[in-house]
Amino acid sequence: MTSSAVHPQRIAFLGTGKIGEALLSGLLRAGKRPTELLVTARRPERAAELAEKYGVVACTNREAAKLADTLILAVKPQDMGILMEEIGPHVMPGRLVISAAAGIPTRWFEARLPAGTPVVRVMPNTPVLVDEGMSVISGGSHASEDHLLRTEEIFQSVGKALRLPESQQDAATALSGSGPAYFYFLVEAMTDAGILLGLPRHVAHDLIVQSAIGASVMLRDSGEHPVKLREAVTSPAGTTIAAIRELENHGVRAALLGALEAARDRSRELASGGK
């Protein structure tokens, strides 16, 4: 049992965009009381809108830093420096700070917060919007088991959470954080192929989306290796193996490997201050 299960924790979302709102609504569905949740936004009318919609408390960044037990920083990476200048001196000792900004290491936050402040870095992906997210969690040098459990509790309200060493965060960002975009890209290409083959766009879309959902559930629930699942569809001299041969001939596998390496390298550049 986590400490948050015994003592209600006030959680503040600083920069409550789409991801922040998804986490907010997920916590409410999980039983968190609205009065225990604080929200801030760049535009005051956005914070007021969230307060009216969910019954949570709208406040300023400085007020959130003083009042909340857990701060979730959900602004864009390029805006994080300004936010830390604003709240850094006001964060109370012992508060848990969770960053959902891609590429920024925990040590960067630790250097801008009171000594000993626990920081946890999280890379969620956009399916948190439909409670099917994958969030990768890494603790900083002052984060304890309790801090990691509290972070998991928050992000498991909108999907799954996985702990990894921070040294693997860039790879996880490339694979999981950016991962949904690769699937959307593939669906887009397959839809165009369906049109080329003579299907109406909406028919091609429906066929592909349901196939993707079914394949994903089989991957998740069957326990089978993806190679075995692919082989089960691939009969000798059939249509599937003909298509697989073309994918291999065009270097699709190698292109995916290169794409993920490029995403990982870009994450590293962002972490080192690159633009």
Side-chain angles (χ1 to χ4, degrees), residues 1-17 19-20 23-24 27 32 36-42 47 56-57 59-124 135-157 161-170 172-173 177 267 270-273:
M1 180 179 293
T2 67
S3 61
S4 60
V6 178
H7 303 290
Q9 296 283 322
R10 289 171 296 182
I11 300 174
F13 295 87
L14 281 69
T16 315
I19 298 296
L23 288 169
L24 175 69
L27 284 172
K32 196 73 175 173
E36 296 168 3
L37 301 174
L38 291 71
V39 296
T40 79
R42 176 179 292 182
V56 297
V57 180
C59 61
T60 67
N61 290 329
R62 290 187 180 183
E63 289 171 338
K66 294 177 181 178
L67 297 172
D69 302 288
T70 299
L71 303 173
I72 300 178
L73 312 184
V75 302
K76 296 178 180 179
Q78 59 267 33
D79 296 329
M80 195 61 78
I82 296 174
L83 177 63
M84 291 306 298
E85 287 180 4
E86 182 179 2
I87 70 168
H90 303 285
V91 175
M92 303 300 289
R95 298 303 194 247
L96 170 60
V97 175
I98 300 172
S99 166
I104 305 180
T106 55
R107 65 179 181 276
W108 185 91
F109 292 96
E110 291 169 349
R112 291 161 174 79
L113 291 164
T117 298
V119 178
V120 177
R121 176 179 172 184
V122 183
M123 184 70 250
S135 301
V136 180
I137 296 172
S138 302
S141 58
H142 306 299
S144 67
E145 176 67 15
D146 178 67
H147 298 129
L148 292 170
L149 286 171
R150 283 162 57 184
T151 305
E152 286 177 339
E153 182 180 9
I154 292 169
F155 285 86
Q156 284 172 349
S157 68
L162 175 68
R163 293 190 202 181
L164 282 180
E166 190 169 7
S167 61
Q168 296 178 6
Q169 272 280 357
D170 293 320
T173 297
S267 182
L270 291 171
S272 61

Next item on the list: For residues Ala161 and Ile137, report the shortest heavy-atom separation together with the two atoms involved.
Entry: CB-CD1, 3.8 Å

Check: Between CG of Leu67 and SG of Cys59, what distance do you get to the nearest 0.5 Å?
Finding: 6.5 Å

Check: Just how far is it from atom CG of Leu14 to atom OG1 of Thr60, taken to the nearest 0.5 Å?
Finding: 9.0 Å

Next item on the list: In sequence, state the C-alpha distance, the side-chain angles, and the governing distance for Phe13 and Leu38, and then conclude on side chain to side chain contact (heavy atoms under 4.5 Å, CB included).
Entry: CA-CA 6 Å; Phe13 295 87; Leu38 291 71; over 6 Å; no

Item checked: Shortest non-hydrogen separation from Leu27 to Ser157 and the atoms involved -> N-OG, 3.7 Å

Check: Looking only at atom types and distance, does a side-chain atom of Lys32 sit under 3.5 Å from a main-chain N or O of Gln9, one as donor and one as acceptor?
Finding: yes

Residues 80-95, side-chain donor-acceptor partners within the protein, below 3.5 Å, at least two apart:
unit_1	atom_1	unit_2	atom_2	d
Glu86	OE1	Asn61	ND2	3.2
Arg95	NE	Ala68	O	2.8

Notebook entry, point to check: Taking it one step at a time, do Leu24 and Val56 satisfy side chain to side chain contact (heavy atoms under 4.5 Å, CB included)?
Noted result: CA-CA 9 Å; Leu24 175 69; Val56 297; 3.8 Å; yes

Check: If only atom types and distance count, is the side chain of Thr16 paired as donor or acceptor with the main-chain N or O of Ala41 below 3.5 Å?
Finding: no

Item checked: Distance in Å, Ser99 OG paired with Leu73 CG, rounded so as to fall on 0.5 Å steps -> 6.0 Å

Item checked: For Pro105 against Gly103, the heavy-atom pair lying closest together -> CD-O, 3.4 Å

Checklist line | Spacing of Thr70 atom OG1 and Glu36 atom CD [to the nearest 0.5 Å] | finding: 11.0 Å

Notebook entry, point to check: Do the charged groups of Arg163 and Glu145 touch, with an N to O distance under 4.0 Å?
Noted result: yes

Notebook entry, point to check: Of the options Asp69, Leu71, Ile154, Thr151, which is the one that meets Leu96 in a side chain to side chain contact (heavy atoms under 4.5 Å, CB included)?
Noted result: Thr151

Note to self: To the nearest 0.5 Å, what is the distance between CD1 on Ile98 and CD1 on Ile72?
What the structure shows: 4.5 Å

Check: So do Phe155 and Leu23 actually touch side chain to side chain, heavy atoms under 4.5 Å?
Finding: yes

Check: Can you tell me if Thr40 uses its side chain to pair, donor with acceptor, with the backbone of Gly15 under 3.5 Å?
Finding: yes

Note to self: Applying side-chain contact (heavy atoms from CB on, under 4.5 Å), can you list everything that pairs with Ser141, at least two apart in sequence or on another chain?
What the structure shows: Glu110

Item checked: CZ/Arg42: more than 12 non-hydrogen atoms of other groups inside 6.0 Å -> no

Determine all donor-acceptor pairs shorter than 3.5 Å in which one atom belongs to a side chain in residues 113-123; sequence neighbours excluded.
unit_1	atom_1	unit_2	atom_2	d
Thr117	OG1	Pro114	O	2.7
Arg121	NH1	Glu166	OE2	3.1

